[in-house]
Amino acid sequence: MDLNFTGQVTRVVAVEEVSQVGQARREALALAEHAGFDEMDAGRVALAATELATNVIKHGRGGRMYLSLVCGRSGRGVELCTLDAGPGFSLSECLPDGVSTGGTQGLGLGAIRRQATVLDAWSDARGAVIVARIYPSRSAPDIDLAYGALRIPMRHEVACGDGWHLRADGHNTVVTLIDGLGHGLPAADAAQAGTAAMASASGFDAATLIGAMHAGMSGSRGGAAAVACVGPGAQNVQFAGIGNIAASLCEPTGSRGMASHPGIVGVQFRKAQPFHFHTPAGTLLVMHSDGLQARWSLRDYPGLVHRHPALIVAVLQRDFDRGRDDVGIVALRLGDIH
């Protein structure tokens, strides 16, 4: 299995009133078309988007939907994620048809489950987060990859200065996160130059890959960047970072931070000294830009560390977004990509 995937900007749709359900459906259809879905599979995406957005209005007191293009083992899919401010619910209790928390027929979540390859949810006092991933109907059952990522521009911006990239060859995996200096188009250009360099790079040495990014981002305003190289069996992780990219290895018993060095990739730094970590399979690797506060701990969310990484990413963004910068965050379940 060979992967070489650059994350696109996450589409964000406000879902505060009934008229915005149609906008969510149209955005979902556009993304399905971009992913190469045929008419039938695009219809599945539209149905799921409509049900998810309607649930946010009827049961969640309003919220928003994130739409992302995702990379699977043998093709691309569409991810729909809703976040609301409602009273919350139990996914296992609400999945059966006929169960409703708001006086409806109770068919929505069951309909979404029938369309989605992945359906996961988190509910607490702050509201509910639901993630659904939809792949073409002819895809293999194991097409999904256990990673999650969001790339969200600063409010009132269209371009996002944070970028991420995922590459794998069946034995090794490389995850890259870049935070272009500032925000807006110049920062986005820097991040794009970095992800383009990673898309054309070879090898699985973190320091060498930082060097390739440095060359590729030369002439841009530069940025912070970090690379995590995961070896066969997911037991060895090599990490190198320049600037203020936060990175952690999370297990049920706690987490380990991964240190970066000072400097600006594309401008100047002394050395990309890699650090080596031994990890058990199933460990969660989380990397994010400083658009997200670094004071989070998954131990404050009992059980969340075991859930789909896309759900974990969405919950962290909901609770720790600083609100004044681009946000780039990627999480990977080690051992799942190989």
Side-chain angles (χ1 to χ4, degrees), residues 7-35 37 41-70 76-89 91 94 101-102 104 107-124 126-135 148-158 160 292 307-321 323 326-329:
Q8 297 189 349
V9 176
T10 303
R11 305 184 187 198
V12 183
V13 178
V15 187
E16 303 286 349
E17 56 185 43
V18 174
S19 64
Q20 293 169 322
V21 173
Q23 177 65 22
R25 182 178 62 253
R26 288 188 291 272
E27 290 282 356
L29 276 170
L31 195 58
E33 181 179 358
H34 184 66
F37 282 26
D41 288 326
R44 294 168 51 226
V45 172
L47 174 59
T50 300
E51 294 291 349
L52 283 167
T54 300
N55 280 346
V56 169
I57 296 293
K58 290 186 176 180
H59 308 292
R61 302 172 184 166
R64 57 196 183 275
M65 178 181 287
Y66 295 156
L67 303 97
S68 304
L69 185 70
V70 294
R76 296 182 176 184
V78 172
E79 179 183 290
L80 308 173
C81 174
T82 55
L83 303 90
D84 66 45
F89 66 94
L91 180 62
C94 292
T101 61
T104 63
L107 302 177
L109 283 176
I112 297 165
R113 180 179 60 176
R114 287 188 284 273
Q115 310 308 322
T117 304
V118 173
L119 179 63
D120 205 354
W122 179 262
S123 182
D124 56 26
R126 304 188 67 167
V129 180
I130 302 177
V131 171
R133 282 187 173 177
I134 302 168
Y135 294 93
L150 290 172
R151 185 184 173 201
I152 301 177
M154 189 174 110
R155 188 175 301 177
H156 306 307
E157 292 279 0
V158 175
C160 181
L292 201 74
R307 308 295 282 277
H308 196 287
L311 184 68
I312 297 171
V313 161
V315 172
L316 292 178
Q317 186 277 329
R318 180 195 68 173
D319 292 352
F320 297 98
D321 191 329
D326 301 318
V327 173
I329 175 171

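- Within the 4.5 Å cutoff, the side chain of Ile112 has heavy atoms near those of the Asn55 side chain.
- In terms of the side-chain hydrogen bond (donor to acceptor under 3.5 Å, both in side chains) criterion, Arg151 has no residue partners (sequence neighbours excluded).
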List the steps, then state whether side-chain contact (heavy atoms from CB on, under 4.5 Å) holds for Val131 with Trp122.
CA-CA 9 Å; Val131 171; Trp122 179 262; over 6 Å; no
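- Smallest separation of non-hydrogen atoms from Arg307 and Ile312: O-CD1, 3.5 Å.
- Among all heavy-atom pairs drawn from Ala116 and Ile134, the shortest one is CA-CG1, 4.0 Å.
- The two atoms that bring Thr10 and Pro153 nearest to each other are O-CD, 4.4 Å, heavy atoms only.
- A salt bridge (Lys or Arg N to Asp or Glu O under 4.0 Å) check over residues 312-321, counting only residues at least two apart or in different chains, returns the pairs Asp124-Arg318, Arg126-Asp319.
- Looking at residues two or more places apart in sequence or on another chain, you find a side-chain hydrogen bond (donor to acceptor under 3.5 Å, both in side chains) between Gln23 and Arg26, Glu27.
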Would you please test Val21 and Ile57 for side-chain contact (heavy atoms from CB on, under 4.5 Å) and show each step?
CA-CA 8 Å; Val21 173; Ile57 296 293; 4.2 Å; yes
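- Annotation: side chain of Leu311 is in contact with side chain of Val129 (closest heavy-atom distance under 4.5 Å).
- We find the CZ-CG distance between Arg133 and Leu119 to be 12.5 Å, quoted to the nearest 0.5 Å.
- Between Met65 and Val56 the shortest side-chain heavy-atom distance does not fall below 4.5 Å.
- Proximity of Thr82 to Asp84: side-chain heavy atoms (C-beta onward) are nowhere separated by under 4.5 Å.
- Side-chain contact between Ile152 and Gln317 is present, with at least one heavy-atom pair separated by less than 4.5 Å.
- Shortest non-hydrogen contact noted between Glu16 and Gly62 is OE1-CA, 3.7 Å.
- When all heavy atoms of Val13 and Leu67 are compared, the pair lying nearest together is CG2-CD1, 3.7 Å.
- Atoms CD and CZ, from Glu51 and Arg25 in turn, are 11.0 Å apart once rounded to the nearest 0.5 Å.
- For Glu33, the CD atom sits in a loose shell: 12 or fewer heavy atoms of surrounding residues, nucleotides or ligands are nearer than 6.0 Å.
- A donor-acceptor distance shorter than 3.5 angstrom exists from the side chain of Arg44 to the backbone of Gln115, with no hydrogens or angles considered.
- Put simply, CG on Leu150 and CG on Asp326 are 13.0 Å apart, with the number rounded to the nearest 0.5 Å.
- Of all heavy-atom pairs between Glu17 and Ser19, the closest is OE2-OG, 2.7 Å.
- Separation of atoms CD (Gln8) and CG (Leu31) is listed at 7.5 Å; rounding is to 0.5 Å.
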